[in-house]
Amino acid sequence: MTSVQVRDVSLSFGAYDVLKELNLDVPEGEFLVLLGPSGCGKSTLLNCIAGLLDVSEGQIFIKGKNVTWEEPKDRGIGMVFQSYALYPQMTVEGNLSFGLKTAGMAKDEIARRIARAAEILQIEPLLQRKPAALSGGQRQRVAIGRALVRDVDVFLFDEPLSNLDAKLRSELRVEIKRLHQKLANTMIYVTHDQIEAMTLADRIAVMKGGVIQQLDAPQVIYNKPVNRFVAGFLGSPGMNFLDGEVEGDAPTFVATDTKIPLGRYGFGDAAKPGKAVFGVRPEHIATGDAAAAMPFQVDARVELVEPMGSDTLVWTKLGGQSFAFRVEAERHLASGDQLRIGFDPARASLFDGQSGSRM
Amino acid sequence: MAEQLLRAAPELAVASAMPARARALSGPHGPRPRRRFSRRNVFIYGTLALVAVYYLLPLYVMVVTSLKGMPEIRLGNIFSPPVEITFEPWIKAWSTACTGLNCDGLSRGFWNSVMITVPSVFLSISIASINGYALANWRFKGAEVFFTVLVVGAFIPYQVMLYPVVIVLREIGLYGSLWGLVLVHTIFGMPILTLLFRNYFASLPEELFKAARVDGAGFWTIYLRIMLPMSLPIFVVAIILQVTGIWNDFLFGVVYTKPDTYPMTVQLNNIVNAVQGVKEYNVNMAATLLTGLVPLVIYFISGKLFVRGIAAGAVKG
């Protein structure tokens, strides 16, 4: 069953269109991540689903019910904000119970729900504290608890981890994933952090300019990006892009002196000659003995080495353009060294030079 | 070939041992010494002292004069402290000084002022805070126009509106009464107070308001349960502005009331500017000090909160 359905939703502020006829179906129990750079409309879409912003056009359904004109509280949603948005003058318990008291719920039911949420999130010892006396991670846990006690169908997360430091972020990321496995609610999660998106999502919707560019499982988005924007947005370090041309009947990608045979590349349509961008991820490039087994091989001269601890990023030039690849950390390379690298064009991506979409 | 490229790991440089803790350090170390009587300090404190004396001198003259008897004042040494301290002028100013036909001192004006100030402050702040909250958080249609009109209102000189307001008050039957003056103060306080509250509420994180809406709170619940408890500093600022403004008001007081309902400032003027009889400088000074006491006390009680409130509007978080 569809949990959240967005139908032809547009939103404009004056002449500026933030969302453009956007369609989205989220099945029940799915963890959907809206990913995109700032200003792409992902938070706006979340606010529209929550009912905090009125849409200019279109409809929103939650659990099959048209909620386009409903107040946020009547939509069956709970929301977690980036800045936690805890009520500073209330204790943790007060924060958790505020929504329930406003709804006029019985006292023992409120107590029961708070106890359950506190147990799930392990915030029992904090219940009598004020938000100011909590750490960032604890605050965000309370904020999640506030959504939890409302016993809703859909959880909305608006960049919930962006205010935390890197260590806490990865800890809470795991906790959110665990929470989703335990509750099996529908969750819609907005972030600009691709690692969060990759690790948490059942499906990722990559957005740009108020339009969903690609909506698919994380692995598909990572390996088969539909256009150059998606390819460049996911992955760190980013994908290598080589500008060049597709030539010949047996299609070959040519960038000045480098010729990459595309026999093994899975073209969407028939290969057509013309300007193109060839993309390959640094982690898909082999060196040393492994390179010898690759369909495409080339000699490279090391220009710059970036050791990252777990592995090392090496910069070189291919066809006169910057090109990076990964080697294991134990390899000690220095600039000026020569070595052989290779990769399989079947794992690469080829984009149209004009439209930027996948070929 | 690749094997040839493998280099031996560079030998780890052994870090030199940590220096012994108790080594005597030569050259500059620790906090930089500061001279107490540097040219900078002398200049700063000198200027501060000068300005303080400049402002405090009139106050000093008023206090000493109010504690002297008339014969001592006639000697003409206005800076010399009183030889014989007397509280007679204070008592006279409070309870027996004459203004026109009434000879019950400032006490009548004091209570009039209290009865004007308290409801005016309460009403104007209540309404303005709700206005500001609605303008900042509930962007209703026409909010921008409403706000612009209000801000323009803040720049119109009061004198322009004196006579039209007289007519309005006469028509609704409040002319000359305390409640008429309360109404006038409430309305005239509205632009600046609304502006103050709107900016304060706009500086609070918007996500709090959104969270409260998701929690099902409506207009009044959010105002009373979420916004009000977070707004103590700005309320203190508003109270100080309004109490001092309304207490010190002379123009509206003299125009819209009659002798029975004159506020303290108007009565003070009538005492000090009385033309017949001897000029009782000591009584005048005491009366002036009495009138200025209320705003002064308010400042001393809430000075700290006042500064915090002003800053809260300006800096986020």
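We use all heavy atoms of the structure for the numbers below, so side chains are in, but hydrogens, waters and symmetry mates are not. Every chain is numbered from 1 and lettered A, B, ... according to where its sequence line falls, protein lines coming before strand lines. Keep in mind it's a predicted model, so treat the numbers as computed, not measured.
- Atom CG of B:Leu178 has more than 12 neighbouring heavy atoms from other residues, nucleotides or ligands inside a 6.0 Å radius.
- Considering every non-hydrogen atom in both A:Gln89 and B:Met230, the closest pair reads OE1-CG, 3.5 Å.
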Go through B:Lys210 and A:Asp158 one step at a time and tell me if the side chain to side chain contact (heavy atoms under 4.5 Å, CB included) criterion holds. CA-CA 12 Å; B:Lys210 286 182 174 177; A:Asp158 191 359; 5.6 Å; no
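- Between B:Glu207 and A:Tyr84, the shortest heavy-atom contact is OE1-N, 4.4 Å.
- Heavy atoms from other residues, nucleotides or ligands lying under 6.0 Å from CZ of B:Phe155 number 12 at most.
- Residue A:Asp54 places its CG atom among 12 or fewer non-hydrogen atoms of other residues, nucleotides or ligands, all under 6.0 Å distant.
- Per-residue counts of heavy-atom pairs under 4.5 Å with chain B were compared for A:Ala143, A:Gly78, A:Ala291, A:Pro72; the largest is that of A:Pro72.
- Atom-to-atom distance recorded for A:Leu100:CG and B:Asp215:CG is 7.5 Å, nearest 0.5 angstrom.
- A donor-acceptor distance shorter than 3.5 angstrom exists from the side chain of A:Arg150 to the backbone of B:Val214, with no hydrogens or angles considered.
- Between B:Arg213 and A:Gly51, the closest heavy-atom pair is NH2-O, 3.8 Å.
- More than 12 heavy-atom neighbours from other residues, nucleotides or ligands sit within 6.0 angstrom of CZ on A:Arg326.
- Within a 6.0 Å radius of CD in A:Glu306, more than 12 heavy atoms belonging to other residues, nucleotides or ligands are found.
- Only the backbone of A:Leu86 comes within less than 4.5 Å of a heavy atom of chain B; no side-chain atom from C-beta onward does.
- Interface check for chain B: of the options A:Lys101, A:Glu71, A:Lys73, A:Met90, the most heavy-atom pairs under 4.5 Å are formed by A:Lys73.
- Only the side chain of A:Asn47 has a heavy atom closer than 4.5 Å to any heavy atom of chain B.
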